[in-house]
Each structure stands twice: as C-alpha cells, then as structure tokens.
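Numbers here are sequence positions counted from 1. For ligands, and for the atoms within them, numbers begin at 1 and follow the listed sequence. Note: hydrogens, waters and symmetry copies are ignored here, and every other heavy atom, side chains too, is used. Worth saying up front: this structure is predicted, and the values here are computed from it rather than measured.
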Amino acid sequence: MSDLFHPMSDQPPSREAALSTVPVLLPLALDEAFSYRTPDHMSLPAGTVVAVPLGTREAVGVVWDNEASPAPTGRLKTILHPMDAPPLTDKLRRFIDWVSRYTLAPKGMVLRMALNKPEAERVERPRLAVRLAGSHPKRLTPARQKVLAIAASGLAYGKQALAEEAGVSASVIDGLIDEGTLETLVLAADPVALPPDPDHHKPVLSSDQQAAADQLQKKVQAKSFSVSLLEGVTGSGKTEVYFEAVAQALKQGEQILILVPEIALTALFLDRFARRFGTRPAEWHSNLAGRKRERVYAALASGEARVVAGARSALFLPYSNLGLIIVDEEHEGAYKQEDGVHYHARDMAVVRGKIENASVILASATPSLESRVNAAQGRYTHLLLPDRYGGSTMPQIEAIDMRQQQPAKGFWLSTPLVQAMQETLQRGEQCLLYLNRRGYAPLTLCRSCGHRMQCPNCSAWLVEHRQRRALMCHHCGHLERMPDTCPSCQAADKLAPCGPGVERLAEEIAALFPDKRCLVLSSDMLGGMERLQRELEEIASGQCDIIIGTQLVAKGHHFPQLSLVGVVDGDLGLVSGDPRAAERSFQVLQQVSGRAGREKTTGRALIQTYQPDHPVIKALLSGDASQFYTAEQTMRQQAGLPPFGRLAALIVTSPDRKQAEDMSRRLARLAEPPPEVVVLGPAEAPIAKLRNRYRFRLLVKTARHFDIQTWIRGWLARLPQNNGQLRITVDIDPYSFF
Ligand code: ADP
Ligand code: ZN
C-alpha cells in the first residue's frame with residue numbers, strides 16, 4: 001500500500017479525538033475502514049456518504065460500522081462534509097461485509113459496486129416547454145394566431161409539439177418567445193418509473209400455473225426469507241407465474257428486484273412487464289447514462305421506484321424496502337462476475353434476500369445442479385411447471401450423426417439439416433441455426449508455411465471478422481487489419497480461414513437459400529443494442545426466415561413462428577477442463593432446442609454431432625432431463641465437486657513468466673493443507689498468456705463444510721510481500737477454468 005493512500009500521519013491521537021471519530025470505508029482495494037474525526041457538532045451515523053481527505057486528494061467514502069474499525073494510530077484527519085447522496089442502509093452494509101468475507105475481495109472494492117459513481121458525467125438534456133406569458137405580440141400574423149389559439153389553454157407545450165399542432169415552423173414560436181408573448185420553462189424530468197399496477201392485466205392462469213403462483217404469493221405474504229426454485233420447461237409461463245409474486249409484493253408496498261442475465265434483452269423484458277403492470281420498471285445496468293443512473297439510484301433509496309430490472313450489479317443498490325428478488329434464468333453463467341470482485345449473482349441474491357428478510361425466486365427451464373440439490377435437500381421450495389402453456393408440445397429432438405453425414409470441405413450443414421430447413425421454409429415457418437462462435441472463422445492459417453494468426457497479447461488465435469475486415473482477439477479485444485500476405489513467409493493469397501463462425505455460416509445459407517432473409521444475431525455485431533432489439537422484433541413479427549445466432553439466442557426469447565432449430569456443432573463445449581462442462585452443454589442445448597415450436601406448431605430440433613453416444617446428447621434425445629441430472633449429481637458427489645464440495649481457484653499472473661511460475665510454486669509449497677483440503681497444481685493455465693500476463697493456476701478443493709475462505713486467507717498471509725508486478729487472484733466457486 002503506498003503512503004498516498006494512508007490518511008494518517010504518525011502522531012498518536014488524543015483521547016478526546018478518539019471519542020469523536022468514525023470509521024470510513026473507502027472504495028479502494030482496502031479491507032478496513034480508516035478512522036476520521038467527525039466535524040464539530042455533526043452527527044454522522046453509519047451509512048452516511050462523506051467526503052474525506054486522502055493523502056493529497058479528496059475521496060468519497062462511507063461511514064462504516066464500529067466493529068470493523070482499527071484503532072487510529074496517527075494524527076486524525078477530519079471528515080470534510082457529508083455528500084448529497086442516499087445513505088447506505090444497515091442491511092446493505094451487512095451485505096457488503098458478507099460479500100467481501102465470502103469472495104475474499106477487499107471490502108472497499110465491494111463498496112465500490114454499491115456506490116453510484118457514474119463513469120462519465122453525461123448530462124441529460126433538460127426538457128423545455130413554452131406557455132403563454134401575457135404580453136401581446138407586436139404583430140399578429142395568421143401563423144401567430146394559430147399558435148396563440150392553442151396556447152390560450154394556459155398549458156405548457158413542448159416547443160416542437162406546439163409548432164406541429166399549429167402547423168407552423170418553429171421560428172414562429174421563437175419569435176413569440178423573443179417578444180415575451182410565450183415564456184419558456186424547464187419541465188421536471190420524467191420520473192424514473194411510474195408505480196406499477198398489480199391488477200393492470202392479470203392473465204388467466206392454467207391450474208399448474210395457478211398452483212405455483214399461489215405458493216409464491218404465500219411466500220411473499222409471509223414477509224420472511226425463503227427461496228423458491230421455479231422450474232418449468234421453456235414456454236410453460238414462468239414469467240407469468242412469478243409476475244403474480246411481483247403483484248403480491250407490490251400490494252404489500254415492497255420493492256422488487258428482477259435480475260436478468262443479458263442486458264441486450266432487457267428492453268423486451270421491460271415491455272413484457274409493462275403489458276402486465278401498465279408501466280415499465282426502472283432499469284439498471286452498466287450502459288445506463290450518468291444522470292439517469294443517479295436518479296434510479298436515488299429513487300430506489302427513497303422507495304419511490306418500486307421495481308427494478310437489471311444486471312447483476314443491481315444487487316448492490318440501496319433498496320429502502322426490498323421484499324422480493326427474482327433471478328431469471330438462474331442457471332446462466334453470465335451471473336458470475338469474472339473480474340474485480342468475483343461473485344455469483346444468483347448466490348449473492350440469496351444472501352441479500354436473507355439479510356433483507358425477503359423472498360427469493362430462482363427461475364429456469366434448466367436449473368443449475370446447485371439449485372436442484374438445494375431444492376432436493378429441502379433448503380429451497382421446488383415448484384414445477386411440467387407443460388407448455390396452451391397445449392403446445394415440446395420439440396422433438398434428434399441427432400444427426402456427422403460421421404455419416406459429413407458435409408463437403410468448407411461447408412458445415414449436413415444434408416438432413418438442409419432438407420429439414422427446406423421443408424420448414426416451404427411451410428412459411430422460421431429456422432434457427434445455433435453456433436456459439438462469433439465472427440467468420442476461429443482460425444486463420446497460412447497454406448504455404450502453416451503460420452497461424454495469433455494474438456500478440458494472449459496465447460489465443462485471432463478470430464476473423466469479415467464484416468469488419470479484421471482479425472480480433474476474443475480475450476483482450478486486440479484488433480488488427482486482415483493482412484494480404486502471410487506475416488511469416490510473405491506468401492500472397494495463402495491465408496485461409498479454418499472452421500466456422502456465424503458470419504461464415506451466413507454465407508453458406510445465402511448460397512443455399514438465396515431468396516430467404518437471414519439474420520445473424522450475435523452480441524458483437526455492428527449497430528449495438530438498438531440494432532439487436534430491432535432485429536429481435538423483426539424475427540418475432542416474421543420478417544425474417546432464417547436466424548443464425550450465438551448463445552445470445554439461447555436466452556429466453558419467444559419467437560412464435562420458429563419451428564426448426566439446428567445446432568451446427570453439438571460437440572462444442574462437451575470437452576473442457578471445466579467440471580460443469582457437461583451440465584452447461586446440456587443446459588444450452590436444451591434451451592436452444594426449446595426455442596422451437598412454441599405456439600401452434602410442433603417444433604423440431606436437430607443436433608449435428610460426431611459423438612451421438614455422449615451422455616449429454618443421449619439425455620437430450622431421451623427428453624429425460626432428470627436422468628441426466630441424477631447421473632451428473634452422482635458423479636459430482638463421488639468426485640467431491642460442487643455442490644458437494646467447495647472449489648477455489650488461485651490465479652497467479654505476471655508480465656514475467658518465470659516470476660509467475662516461481663510464485664505459483666512457492667504458493668503451493670506454503671499451502672500445508674489439512675486433511676479436508678486438496679491443493680492441485682500449479683499448472684500453466686489453458687490460456688497461458690492473457691493481456692500480456694503469464695498465468696499459472698492452482699485449484700483448491702475442500703469438503704463442503706470446510707471454511708475455505710479462512711483457510712485461504714491464512715495461506716496467503718504466509719506469503720512474503722509481493723513486488724507489485726505479480727498478482728494473485730482468488731476465485732471462490734470458479735466457473736471459468738481457462
Ligand atoms: P417461460 O418463461 O416459461 O419460457 P413464458 O412466461 O415466456 O414462459 O410464456 C410463454 C408464452 O406463453 C408467452 O408468450 C406468455 O405470454 C404465454 N403465456 C404463458 N402463460 C399464459 C397465460 N396464463 N395466459 C396467457 N398467455 C400465457
Ligand atoms: Zn488477446
């Protein structure tokens with residue numbers, strides 16, 4: 001820690017000073033709060049956001065709770081002033097303490113997620129309006145007369161709206177403003193969200209749905225902590241069902257948090273919410289502009305905003321009265337944050353629910369094994385929706401054995417899949433092809449010398465993005481122009497794409513179905529979120545015939561005319577060093593297949609695979625998910641893997657490979673694990689270099705009831721001070737193993 005960050009000098013404090021000090025937690029990589037003197041006659045209760053001197057600068061921190069405060073050891077500095085910001089509630093502070101203890105992230109870094117610090121202060125444009133001011137115009141033209149006839153009502157009008165209504169140009173309005181006939185005024189900003197109406201448009205629920213909704217409403221009525229796992233096949237109406245719980249919490253005057261895994265899809269969700277409750281909820285995610293962000297934050301703190309839908313970071317907002325938390329698509333890997341504070345939003349939602357004494361609902365068609373085990377062991381209430389709503393049937397899933405059906409070189413679609421597509425398109429229905437590979441080709445190779453195009457910063461291949469005429473690293477974002485000659489042997493026209501990406505698949509489709517409209521849905525396509533939303537609407541309204549998509553399409557969409565799903569590479573994801581690979585693969589294939597045939601048509605899903613006998617593929621074909629989960633559960637239990645044991649990853653990185661390797665070895669030597677603990681490694685990480693840092697991994701495996709955090713803390717404390725270049729990242733419950 002550099003001295004700059006230390007606010008105290010070395011003089012001992014006086015007794016008097018000690019009496020009027022408070023601990024202040026700063027949003028920095030620090031675990032403990034610093035003591036500051038409170039200004040005279042000022043009471044600053046815990047949770048107050050304050051400005052404090054820090055070294056030579058000013059920082060914003062939060063008055064923390066006394067037990068966490070170290071004894072002051074230096075001459076105290078005085079808090080400058082409280083900030084005009086909502087205080088952090090007692091419960092939110094306890095949550096921050098908890099998350100920090102659990103993830104081993106410095107408490108200050110967790111606090112940082114709970115403070116609303118807009119990156120760039122983007123100012124919302126004020127909304128201007130005009131209204132009649134009184135003084136008569138010098139000249140009364142017919143155009144002016146029309147304007148004044150409308151303005152005579154005395155109401156305020158938007159300038160443009162008034163000009164349009166009067167059928168005149170805006171300059172007429174300007175002239176009247178200049179002469180003092182009309183005056184301008186600044187309208188108050190729109191409220192963050194209007195109060196939702198629990199009875200706005202209540203659907204008639206099926207009996208299964210009603211039974212589940214009743215149970216959820218009872219949980220909300222109990223006003224105490226509970227977790228319910230709402231498991232229902234795609235199209236069973238989970239959203240409609242948990243909306244009933246939302247309605248109940250609204251009636252009780254409580255706040256509701258709905259976590260969604262993909263911000264690109266929130267707009268659709270917000271509209272759906274509006275159809276049920278008459279108004280959109282507030283939203284929260286990293287793309288929210290500065291001033292809007294501040295207002296949502298304040299509206300949740302004051303209780304004015306009742307419902308927020310957002311990304312995982314919404315867990316750290318200062319709710320005044322949180323009664324219900326919903327985690328939609330709870331199995332989604334996107335809930336795990338992989339940088340800064342490594343936390344899983346589903347797990348932390350349960351923790352926040354416990355602290356807030358709130359109900360928690362986890363919803364999914366393919367729940368995580370963790371949640372299923374919790375339900376089976378009685379910790380969570382398990383609610384099932386076994387059938388699709390409205391009598392539509394589940395899609396029929398078939399495998400295409402690619403060992404027998406291999407397409408010609410450079411092509412990826414087998415004859416049976418192409419035939420099925422033809423039939424579907426002839427009936428006027430839509431097809432979806434799923435391939436979880438962005439770009440054109442995952443590898444570019446020189447056919448002359450064998451050189452492979454690699455990222456200069458990472459040990460990873462560069463992915464061709466033909467639309468952008470570029471090669472891109474999907475790990476660090478490095479972007480370079482596609483060269484004309486091989487950078488190694490200078491041969492011209494020898495660089496060849498290897499393997500398929502969604503862009504390349506689109507070429508094959510264009511050749512096969514030249515008169516059909518095809519859309520590629522991928523999170524990195526040009527045009528951003530707005531384009532994506534427009535395209536999703538086009539698909540829903542049937543304006544496109546074939547959809548090619550990455551994992552973005554696996555997430556809760558409803559495409560009414562889609563009846564065929566083709567999985568281009570069913571084996572992608574089956575093999576990896578990740579203990580959850582099989583589970584994740586099963587979930588995504590099941591979700592993607594579930595996109596087919598959601599309304600009156602019976603859907604069909606075809607999975608291209610070179611391993612038709614793989615347990616994951618067999619489970620999908622059998623339609624018996626529980627068989628797969630049981631086998632997977634037994635395997636995890638025997639291997640002591642989560643949720644039957646605990647895992648933590650330690651990743652040692654440095655720009656100097658030897659330094660990283662030496663430190664990882666040293667770390668292993670210092671481990672001295674007790675019998676309940678196994679330390680595996682160190683081993684060079686599968687991605688051995690990332691953003692110019694070399695990486696070595698250790699994996700810690702312990703029994704389920706072992707306090708892995710305390711043990712790791714003790715272990716790391718035995719390490720000598722490191723020299724700054726080196727970094728050790730702890731990832732409790734890791735979900736990525738690269
Ligand atoms: P899931 O989230 O389980 O996949 P959804 O909640 O998206 O299911 O429901 C699938 C479709 O069925 C949606 O279009 C939804 O509006 C419709 N739906 C479900 N239940 C009802 C109901 N009780 N009344 C009318 N429409 C319903
Ligand atoms: Zn890279």
Atoms of ligand 1 less than 4.0 Å from [X] heavy atoms?
X: V233; answer: 3 (O)
X: G237; answer: 1 (P), 3 (O), 5 (P), 6 (O), 8 (O), 9 (O), 19 (C)
X: T234; answer: 4 (O)
X: L205; answer: 23 (N)

For this session: In sequence, state the C-alpha distance, the side-chain angles, and the governing distance for Y735 and Y335, and then conclude on ring-ring contact (aromatic ring centres under 6.0 Å, His included).
Result: CA-CA 10 Å; Y735 275 68; Y335 282 126; over 10 Å; no
For [Y], is there an ion pair with [X] - N to carboxylate O distance below 4.0 angstrom?
X: D731; Y: R697; result: no
X: E240; Y: R272; result: yes
X: E329; Y: K238; result: no

Exercise. Counting heavy atoms only, which part of V204 comes closer than 4.0 Å to ligand 1: side chain, backbone, both or neither?
Worked result: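 Just the backbone.
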Problem set entry | Side chain, backbone, both or neither: L385 near ligand 1, heavy atoms under 4.0 Å |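 The answer is neither.
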Residues in side-chain contact (heavy atoms from CB on, under 4.5 Å) contact with [X], at least two apart in sequence or another chain:
X: R379; result: N374, Q377, R704
X: A245; result: L216, V220, L324, I361
X: K218; result: Q221

For this session: Anything protein N/O/S under 2.8 Å from the Zn ion (ligand 2)? Just list residue and atom, please.
Result: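 Protein N, O or S atoms closer than 2.8 Å to the Zn ion (ligand 2): C455 SG, C458 SG, C473 SG, C476 SG.
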Closer than 4.0 angstrom: is that true for some heavy atom of [X] and an atom of ligand 1?
X: R388; answer: no
X: D328; answer: no
X: G232; answer: no

For this session: May I ask you to check whether S206 has an N/O atom sitting below 3.5 Å from an N/O atom of ligand 1?
Result: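 No, since none of the N or O atoms of S206 sits under 3.5 Å from an N or O of ligand 1.
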Problem set entry | Enclosure of H201 NE2 (heavy-atom neighbours >12, cutoff 6.0 Å) |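 Open: at most 12 neighbouring heavy atoms sit under 6.0 Å from NE2 of H201.
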Problem set entry | Option set E240, R272, R275, criterion heavy-atom distance to atom 7 (O) of ligand 1, minimum |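 Comparing heavy atoms across E240, R272, R275, the nearest one to atom 7 (O) of ligand 1 lies in R272.
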Can you tell me if [X] and [Y] form a side-chain donor-acceptor pair at under 3.5 Å?
X: T381; Y: Q215; result: no
X: Q396; Y: T602; result: no
X: Q587; Y: E583; result: yes

